[in-house]
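Heads up: the structure comes next, in structure tokens.
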Amino acid sequence: MRALLLSCLLLSAAVSAGGDVLAVGDGARVERTVLRVGPGADGPNEVRLRGGTLAIAAKTTDPNIFVQGGGALRGWGRTLDTAMGDNNVRLVMDGLVVADGEGEARSLDLGRAVVSTAVELNGVDGTNGWYAVNRGKLFYPRRWIKFGAAEKKDWVLGENGAADALDLVNSLGGTIAAADGGWASGGVVRAALFAADRTDYPAGIPVADGQVLLGVWAVWTQRSHLDATRIPFTSTSVRIRYDRARLGAGGRVALYRLQGGAWRRLFEGPQPEDAVVSAEDQRPLAGERINVGWYAVVGERGTGADAAPRAPAAPVAVDARIPAGNIVLKSARGDRVQLATELRDTDGWWFYWAFRATGAPGRRVRFAFTDGEAVGTRGPAVSTDRGATWSYAAERFDAKSFTYRFPQDAREVWFSMGIPYTQRHWDAFLARQAAKAGRFESGALCTTKKGRAVERLRVGRLDGGAKHRIFLTCRHHCCEMTASYVLEGALEAMLGDDELGAWYRAHAEVVAVPFVDKDGVEEGDQGKNRKPWDHCRDYNDDRAPIHREVAAIRELLPSWSGNLPDIVVDIHCPWIRGGQYNERIYQVGIAPPSLAAAQVRFGKILEQVQSAGCAYAQANDLPYGHKWNADRNYTKGSTFIQWAARRWPEMPLATSFEIPYANVDAITLDEAKFRGFGRDLAAAFREFLETRGE
């Protein structure tokens with residue numbers, strides 16, 4: 001079990017951790033504000049309760065237990081909330097919850113929880129959902145509803161309350177109506193799922209030879225999560241998403257309800273396309289504790305013509321619910337999806353996008369952009385492990401579309417116009433440097449308008465005795481993600497155990513701001529050409545900054561560097577593809593002749609010391625006054641480097657770099673090459689400073 005997780009949990013002696021399983025034994029308790037379960041979730045892949053308790057300690061309305069794709073909560077025990085009177089556990093469900101009695105009549109009680117936020121798409125053949133096995137019994141997270149007299153209200157258990165379809169296996173829902181105002185102050189719908197081998201549900205379910213008992217449910221109402229008083233109602237409908245994977249294609253299914261002591265069939269027929277059976281106008285069972293009713297689903301596998309292929313596949317689902325997500329879904333019909341970039345506050349069109357697609361295992365899908373050439377020179381960056389790794393994996397692509405074949409086991413795939421870099425990448429970088437804690441100092445530049453900390457990192461010589469001072473920034477335009485890998489590579493070199501790292505610790509103090517537009521990075525904005533102007537056009541002498549991050553940099557840099565910083569560098573990305581410059585690494589020239597000459601000298605040094613294989617050439621740098629790098633491009637305002645050059649015209653070096661999104665000519669760029677070029681920069685900074693004046 002990872003040390004980070006264990007340090008965040010209060011573990012009793014009956015809690016054990018092995019591999020990716022957190023086991024909570026009888027009488028034990030795990031208390032945490034947030035628990036994430038699943039691959040890549042910074043937590044265990046599985047939580048296995050054996051009579052223990054998951055306790056949520058924080059008073060919060062945000063989700064606090066996440067069972068993510070590939071993750072599982074299994075066993076028997078319960079959840080509760082210690083800060084909200086056992087009232088507010090919020091479960092994001094996107095994996096497996098299994099009441100496993102391990103051979104004895106035991107229960108997994110999630111009645112103190114509610115399912116919060118929408119879940120991932122599962123699909124008719126998906127297996128994520130709710131189960132009871134080995135004499136287990138599952139008490140679902142409750143659903144609180146409120147409605148007036150003569151009204152009708154939807155209820156859903158096992159899905160988010162706003163879900164318009166039952167997607168997770170063994171989720172259920174329906175409507176409920178009352179003639180009086182008994183629900184005006186609200187009430188709770190509860191349910192339990194029973195393993196087929198239990199003996200405490202009513203006997204006599206008609207399961208013939210060749211048929212399968214797919215599930216048994218008890219459903220009831222009560223006044224609140226603590227008050228079990230039943231609330232009357234006049235009628236309800238019931239729908240149940242059964243486990244279709246146990247039947248396969250074809251076959252038949254039946255829904256039964258216990259009435260008058262006998263199981264009465266409510267529905268029987270071929271398997272529905274959505275694996276949901278339902279019954280309307282169910283009257284309450286007066287005087288019964290289970291007043292909505294006992295329900296059972298029985299299935300029969302198909303054979304021969306009855307196992308015919310299904311109807312055409314449902315459309316692929318696309319959304320932006322990933323880190324830095326950005327997309328507009330225009331249409332989805334079968335295996336054809338039309339998209340557009342989400343511009344938000346951008347003046348004009350820009351090309352950044354990132355999204356996930358679900359519900360398409362084994363299918364070949366074509367994604368086309370309707371609003372511009374938004375696909376890069378290597379096609380989309382693709383991740384099948386929720387952003388842990390990325391590759392260029394499209395079958396075919398052009399400037400406005402790409403085609404991708406989803407792996408057979410792919411529940412979801414992430415796509416991006418480039419290889420993303422967000423907060424979790426920065427956190428992972430700092431975690432890798434944990435053993436070098438004395439070599440860097442992590443703090444905050446300021447707080448964003450939306451309450452996020454804008455990181456600031458100091459590395460090198462930190463005792464105030466440094467001979468040189470270097471200031472590095474990137475993500476003034478938040479969509480320019482490859483710049484972050486370059487910055488990280490430079491910092492990693494400066495923290496290294498080799499001779500280059502030792503030089504920095506002896507001679508240079510470096511301050512870096514990795515995310516200038518932090519809100520935009522995390523929320524997936526374009527960032528370029530924000531209205532009225534973006535962060536990189538906010539360094540003006542005739543007006544105060546409108547972006548607080550810019551104001552903080554303008555305040556920090558003079559006070560930190562004294563009279564004169566040695567090197568100031570800002571890292572950017574160019575246009576997405578094509579042209580003379582967009583597929584090359586280059587410096588953006590500035591106007592003052594002495595600083596322009598310094599850029600040329602630094603470029604020649606960098607060309608000589610580089611070893612990452614990124615083919616930087618000083619001849620490719622873009623002097624001021626040429627192409628786009630002219631006065632007409634700065635009518636909205638001045639850049640950071642231009643401001644620094646005005647502030648310190650005698651500075652040794654002020655420059656900015658453009659890092660392509662995917663390639664330098666025929667060279668494909670990836671995380672390793674981006675970081676390697678960052679190391680090249682660190683080596684060139686040293687050489688530039690040591691040879692100054694020669």
message: Tell me whether R530 is salt-bridged to D347, with the criterion being a basic N under 4.0 Å from an acidic carboxylate O.
response: no
field: Salt bridge present between R456 and E441 (N-O < 4.0 angstrom)
entry: no
message: With no hydrogens and no angle check, just 3.5 Å: does a side-chain donor-acceptor pair link T370 and Q338?
response: no
field: D525 side-chain N/O to D519 backbone N/O, donor-acceptor pair under 3.5 Å
entry: no
query: Is the backbone N or O of W533 less than 3.5 Å from a side-chain atom of H547, with the two atoms forming a donor-acceptor pair by type?
result: yes
- line: The single option from T639, V550, I553 that satisfies side chain to side chain contact (heavy atoms under 4.5 Å, CB included) with H535 is V550
query: Centroid-to-centroid, Y539 to H476, below 6.0 Å?
result: yes
- prompt: Hey, is R386 close enough to D94 for a salt bridge, meaning N to O under 4.0 Å?
  reply: yes
Greater than 12 external heavy atoms within 6.0 Å of K636's NZ: yes
- request: Check salt bridge (charged side-chain N to carboxylate O under 4.0 Å, His left out) between E523 and all other residues, then give those that pass, not counting sequence neighbours.
  value: K450, R452
W575 ring center within less than 6.0 Å of Y581 ring center: no
message: Assess whether a salt bridge exists between D335 and R364, defined as any Lys/Arg side-chain N lying under 4.0 Å from an Asp/Glu carboxylate O.
response: no
message: Other residues, nucleotides and ligands only: do more than 12 of their heavy atoms fall within 6.0 Å of CZ on R333?
response: no
message: Keeping N663 on the side-chain end and I667 on the backbone end, is there a donor-acceptor pair under 3.5 Å?
response: no
Worked check of salt bridge (charged side-chain N to carboxylate O under 4.0 Å, His left out) between E395 and R405: CA-CA 7 Å; E395 282 193 344; R405 178 179 287 280; 3.6 Å; yes
query: Taking the six-membered ring for Trp, are F369 and F351 ring centroids under 6.0 Å apart?
result: no
- prompt: Would you find a donor on one side and an acceptor on the other, under 3.5 Å apart, between the side chain of K400 and the backbone of V375?
  reply: no
query: Do you see a donor-acceptor pair shorter than 3.5 Å between the side chains of W353 and E342?
result: no
- line: Shortest non-hydrogen pair, A654 vs M651, comes out as CB-SD, 3.8 Å
- prompt: Between F602 and F685, does a ring pair (Phe, Tyr, Trp, His ring centres under 6.0 Å) hold up when you go through it step by step?
  reply: CA-CA 8 Å; F602 179 75; F685 294 153; 5.5 Å; yes
query: Relative to each other, are the rings of Y624 and Y634 parallel, tilted or perpendicular (30° and 60° limits)?
result: parallel
query: Centres of the F367 and F355 rings: under 6.0 Å?
result: yes
- request: Indicate whether any N or O donor in one side chain lies under 3.5 Å from an N or O acceptor in the other, for E412 and W414.
  value: yes
query: Between the side chains of E480 and H572, does any donor sit under 3.5 Å from an acceptor?
result: yes
- prompt: Is any NZ, NE, NH1 or NH2 atom of the basic residue among D517 and R475 found under 4.0 Å from an Asp or Glu carboxylate oxygen of the other?
  reply: no
- prompt: Are a donor atom and an acceptor atom from the side chains of S638 and R646 found within less than 3.5 Å of each other?
  reply: yes
- prompt: For S611, does its backbone N or O pair with a side-chain atom of D680 as donor and acceptor, under 3.5 Å?
  reply: yes
query: Quick one: CZ on R548 to CG on D538, what's the gap to the nearest 0.5 Å?
result: 12.5 Å
field: Ring center gap for F415 and F402 short of 6.0 angstrom
entry: yes
message: Among residues at least two apart in sequence or on other chains, which ones pass salt bridge (charged side-chain N to carboxylate O under 4.0 Å, His left out) with D631?
response: none
- request: Please answer whether the main-chain N or O of G578 pairs with a side-chain N or O of N582 as donor and acceptor at a distance below 3.5 Å.
  value: yes
message: Tell me if a side-chain donor or acceptor on E455 pairs with a main-chain N or O of P514 at a distance below 3.5 Å.
response: no
query: Within 45° of the six-membered ring axis of F688 and under 6.0 Å from that ring's centre, is NZ or CZ of R601 located there?
result: yes
field: Side chains of T341 and W350, donor plus acceptor under 3.5 Å
entry: no
